[in-house]
Amino acid sequence: MVGLQQQKNLSEQASRMSTQCPFCSVQCKMEVIEEQAGDRKTFRVLPVYNPASQGRLCIKGVYGHQHALHPDRVLYPMRKVNGEFVRISWPDALELIREQFTQIQQEDGLDALGVYGAATVTNEVAYLLGKFARVALKTKYIDYNGRYCMSAAASAGMKAFGMDRGLTMELTDIPYSQCIILAGTNIAECQPTLIPYFTKAKENGCYIIIIDPRETGTTKLADLHLKVKPGMDAALVNGLLKVIWEEGYSDPSFIAERTKGFEELKEHLSTIDLDDIEEITGIPVEQIQQAARLFGQSKTGMVFTARGVEQHTDGHMIVRNFMNLSLITGKIGKKGSGYGAITGQGNGQGAREQGHKADQLPGYRSIEDPDHRAYIAKVWGVHEKDIPGKGVSAYEMLEKVHQKEITGLFVMCSNPVVSSPNASLVEEGLNNLKFLVVVDLFVSESARMADLILPASSYLENEGTMTNVEGRVTWRPGSRECPGEAKHDWQILCEMARVLGKEKHFSFSSAGEIFNELRVASRGGIADYYGITYDRIKQEDGVYWPCPSLDHPGEGRLFEKTFANPDGKAEIIAVANHFPKEQTDENFPLYLTTGRVMYHYLTGVQTRRSPSLKAREKESFLEIHPNTANKFGIEDAILVKVESRRGSMVVRSKVTESIREDTVFLPMHWGDLQNVNKLTHQELDPVCKMPGFKVCAVRVGPLNK
Ligand code: SF4
């Protein structure tokens, strides 16, 4: 029992850190309370209300601070000398960067340097990193790990709606929906605090249709679960569209007034045979009809997708087909209706808007559009011709590393050696670099390979804005000093720019100053932040973009009157029944699909350092159906070898009826021997360059046969 006096002492010695969880796009707000009682320091976490999380936190948020306070944090710049990391000073680290980057560019050309970013950084850092690559390094090679996350939904939204924003509606619209399709999204484990929106919708009578090859925490919500064959989502949607069209559930006036391209889709649907769809998707015709009727007959409806249907070599077109569902039924731009791509990474939305991608400048401007280049050149104070052209996507950049076309790489808060497909090739490439700099909180699998590691700041330390799943810009205070000699990510970039002779373009003294430049850079672009200020975000608990002026309220629900394409119309497109690039055969008879689990985030570098999270899922596992396990001599909880055409890994089996018999599942959060991306293939979507993480062919067997 803690007595009154003791309680008083505790609260007197408590320090409260206001922050928001870094682990997904809900960006739940919280307070981390640090208390000192004698020698003992304890931490409590309290949820704080914000409009998206509504005062909820999931377990990752509750224990997130454990990684930020972990003794493994990188505290000083560290240089590799004879295979060992040794502490060096910041001036020495910066001088080493200047020397190595200059030498590489003199020997191999300006584009021999690559910059690899992350969708976990703040908007300010994403903006600055894009500017750093183009202005300080003058390289065209910059891309980021969001390419592996949101690129299919982003490119599809741009084409179909003229705008890429995760949700076209507000989260609070969800309970007003009468039918919701959740495709390839495991919200219950990846964004758990969103679940009450869906349970509220169900209480209001909403039907929930879930499309997923596995049973997950989320499929428990389903009124109808379509356990589709991995990668056959576009074909399944063709079946749904056909029934909706032929049975008269489409919205002809919406199609006529608000869309274009329907005639081609109609023609395409006339060639679709539902029996064929049943055969290639594994979903019986009756279930396809039932789903189409439920969605088609509802007055309001929403479609949500996530990585399950997006991380494919035809991810762009799969998403376009799901968007077709919203468009031909007119279920978008009104209360209770809309389309949503559930963003995974903490700042998956904002980090892709600020010029962090190979082909984009801030505000979603195109790096190939002369007017856009001229505008940004003016903001940056450089000549338009000095802004490099379009680079290549994340994986293509790593291929260029492998081909020794890129010989120096700067990696910011990312772990490409675990998160990239065909990871062995990526590892080989990084090993060949003349100079690799990694900025991170920990010595990740990628940082281990670096010549120089720079200590980054965690979510408790780093002030800045992030943009949540709805397109709401939120502000996160820096509530703790950086430990050791760690610096804010933006400070690291400014100091590097200074030693590279570009100080005048990077003379920022706070995140707020960077945000003010970002606002101007985004002004007039698709993602227009001009009207958003730190003060407004604090006063209004976040502000939606687009927000073109200081008196603009920000737009929560998009497309009520017009779409963002130049003619104001949404684009419908006919989508073929694509098959995954890699198919099974007698040597590799099973589909492998990959994904997340509740307790971990991305490659697990942070969550595996949170003891409370690690204890709940300490190693990877192979989910396999009992019949399949039986066929391959696999018992529950034994070590199994999983092999693909590219590599192998060893993992413990989890025999469960929750997965299709032709499919096995592996999570993505572990490196080294349990790196699932040693198995995945390198084929990319031709439009958005998303790798096909979600399907490859494997064989499995007991390790000790
Ligand atoms: Fe909220 Fe997502 Fe963090 Fe969970 S992981 S606390 S849902 S932000």
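Worth knowing before you read on, the calculation uses all heavy atoms, side chains too, and leaves out hydrogens, waters and symmetry mates.
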Tell me the closest heavy-atom pair linking Thr172 and Gln54, and the distance in Å. CG2-NE2, 4.0 Å
Whether the Asp143 and Ser393 side chains hold a donor-acceptor pair (N or O, under 3.5 Å, no angle test) is what I'd like checked. no
About how many Å separate CD1 of Ile187 and CG of Leu194, when rounded to the nearest 0.5 Å? 6.0 Å
Check: Cys28 main-chain N/O paired with Arg56 side-chain donor or acceptor under 3.5 Å: no
Backbone of Cys688 reached by a side-chain donor or acceptor of Arg147 within 3.5 Å: yes
Is it true that Asn123 and Thr467 share a donor-acceptor pair across their side chains at a distance under 3.5 Å? yes
Would you check if the side chain of Ser479 reaches a backbone N or O of Ser18 as a donor-acceptor pair within less than 3.5 Å? yes
Drop me the distance from Arg134's CZ to Ile376's CD1, to the nearest 0.5 angstrom. 10.0 Å
Separation between OG (Ser510) and CG (Asn516), nearest 0.5 Å, reads 8.0 Å
Find the distance between SG (Cys413) and CG (Asp440) and round it off to the nearest 0.5 Å. 6.0 Å
Taking atom types as modelled and ignoring hydrogens, do the side chains of Gln491 and Glu495 form a donor-acceptor contact shorter than 3.5 angstrom? no
Donor-acceptor check, side chain of Asn347 to backbone of Val121, threshold 3.5 angstrom: yes or no? yes
With a 4.5 Å heavy-atom cut-off, do Cys494 and Leu128 have their side chains touching? yes
Crowding at OH, Tyr534 (>12 non-hydrogen neighbours, <6.0 Å): yes
Tell me whether Glu189 is salt-bridged to Arg596, with the criterion being a basic N under 4.0 Å from an acidic carboxylate O. no
Got a sec: does the NZ of Lys378 have more than 12 other heavy atoms crowding it under 6.0 Å? no
Phe304 vs Phe198, test: ring-ring contact (aromatic ring centres under 6.0 Å, His included). Steps then yes/no. CA-CA 12 Å; Phe304 290 89; Phe198 295 93; 5.4 Å; yes
Which atom pair, heavy atoms only, marks the closest approach of Glu485 to Pro77? OE1-CD, 3.9 Å
What pairs with His67 under ring pair (Phe, Tyr, Trp, His ring centres under 6.0 Å), at least two apart in sequence or on another chain? Phe23, Tyr459
Is a donor on one side and an acceptor on the other found under 3.5 Å between the side chain of Ser457 and the backbone of Asn462? no
For side chain to side chain contact (heavy atoms under 4.5 Å, CB included), just list the numbers for Ser25 and Gln349, CA-CA rounded to whole Å, side-chain angles, deciding distance to a tenth of an Å, and then say yes or no. CA-CA 8 Å; Ser25 58; Gln349 181 68 51; over 6 Å; no
Do Thr607 and Tyr599 have side-chain atoms, one donor and one acceptor, less than 3.5 Å apart? no
What do the steps show when you test Tyr176 against Met169 for side chain to side chain contact (heavy atoms under 4.5 Å, CB included), and what is the final call? CA-CA 11 Å; Tyr176 299 99; Met169 61 290 190; over 6 Å; no
Those residues that, when tested against Lys334, pass side chain to side chain contact (heavy atoms under 4.5 Å, CB included) (two or more places apart): Ser337
Apply side chain to side chain contact (heavy atoms under 4.5 Å, CB included) to residues Val520 and Tyr530 and explain how you reach the verdict. CA-CA 6 Å; Val520 177; Tyr530 183 68; 4.3 Å; yes
Distance-only donor-acceptor pairs under 3.5 Å for side chains of residues 158-166, two or more places apart:
from, atom 1, to, atom 2, distance (Å)
Asp164, OD1, Arg352, NE, 3.3
Asp164, OD1, Arg352, NH2, 2.6
Asp164, OD2, Arg352, NE, 2.7
Asp164, OD2, Tyr364, OH, 2.5
Arg165, NE, Leu167, O, 3.1
Arg165, NE, Glu470, O, 3.0
Arg165, NH1, Trp545, O, 2.8
Arg165, NH1, Glu555, O, 2.6
Arg165, NH2, Leu167, O, 3.2
Arg165, NH2, Glu470, O, 3.2
Arg165, NH2, Gly556, O, 2.5

Between the main-chain N or O of Gly336 and the side-chain N or O of Ser177, is there a donor-acceptor pair closer than 3.5 Å? yes
Can you check whether Ser458's main-chain N or O pairs, donor with acceptor, with Glu461's side chain at less than 3.5 Å? yes
Test item: Asn415 and Leu602 side chains (from C-beta on) under 4.5 Å apart, heavy atoms: no
Side chains of Leu558 and Pro546 in contact at under 4.5 Å (non-hydrogen atoms): yes
Assess the side chains of Glu124 and Thr465: does a donor N or O sit below 3.5 Å from an acceptor N or O? yes
Could you tell me which non-hydrogen atom of Arg307 sits nearest to which non-hydrogen atom of Met150, and how far apart they are? NH2-SD, 3.2 Å
Residue pair Val411 / Pro416: nearest heavy atoms and the distance that separates them: CG1-CD, 4.0 Å
Determine yes or no for a side-chain-to-main-chain donor-acceptor pair under 3.5 angstrom, with His356 supplying the side chain and Tyr144 the backbone. no
Minimum heavy-atom separation for Gly525 to Arg365, with atom names? N-NH2, 3.5 Å
Test the Arg609-Phe442 pair against the cation-pi criterion, namely NZ or CZ under 6.0 angstrom from the six-membered ring centroid and within 45° of the ring axis. yes
For Met397 versus Ile142, what's the shortest heavy-atom pair and its separation? SD-N, 3.9 Å
Determine, stepwise, if the pair Trp90 / Leu454 fulfils side chain to side chain contact (heavy atoms under 4.5 Å, CB included). CA-CA 9 Å; Trp90 270 105; Leu454 300 178; 3.8 Å; yes
Would you compute the distance between atom CD1 of Ile387 and atom NE2 of His372 and round it to the nearest 0.5 angstrom? 12.0 Å
Are a donor atom and an acceptor atom from the side chains of Ser419 and Asn145 found within less than 3.5 Å of each other? no
Residue pair Thr305 / Glu310, side-chain donor-acceptor N/O under 3.5 Å: yes
Verify, without hydrogens or angle tests, whether Gln311 (side chain) and Met690 (backbone) share a donor-acceptor contact under 3.5 angstrom. no
Below 4.5 Å, heavy atoms only, C-beta onward: do Val597 and His669 meet side chain to side chain? yes
Residues that Val135 engages under side chain to side chain contact (heavy atoms under 4.5 Å, CB included), provided they are two or more places apart: Lys131, Trp380, Val382, His505, Phe506
Of all residues at least two apart in sequence or in a different chain, which pass the side chain to side chain contact (heavy atoms under 4.5 Å, CB included) check with Thr533? Arg519, Asp535, Arg536, Leu550
Test side chain to side chain contact (heavy atoms under 4.5 Å, CB included) applied to Leu75 - qualifying residues, sequence neighbours left out: Arg73, Pro483
Does a side chain donor of either Trp475 or Gln20 reach within less than 3.5 Å of an acceptor in the other side chain? no
Could you check if a side-chain atom of Cys190 sits within less than 4.5 angstrom of a side-chain atom of Thr185, using non-hydrogen atoms only? no
Under 3.5 Å donor-acceptor, His70 side chain and Asp72 backbone: yes
Phe559 ring center near Tyr339 ring center (under 6.0 Å): no
Using 30° and 60° as the class boundaries, would you call the ring planes of Phe410 and Phe132 parallel, tilted or perpendicular? tilted
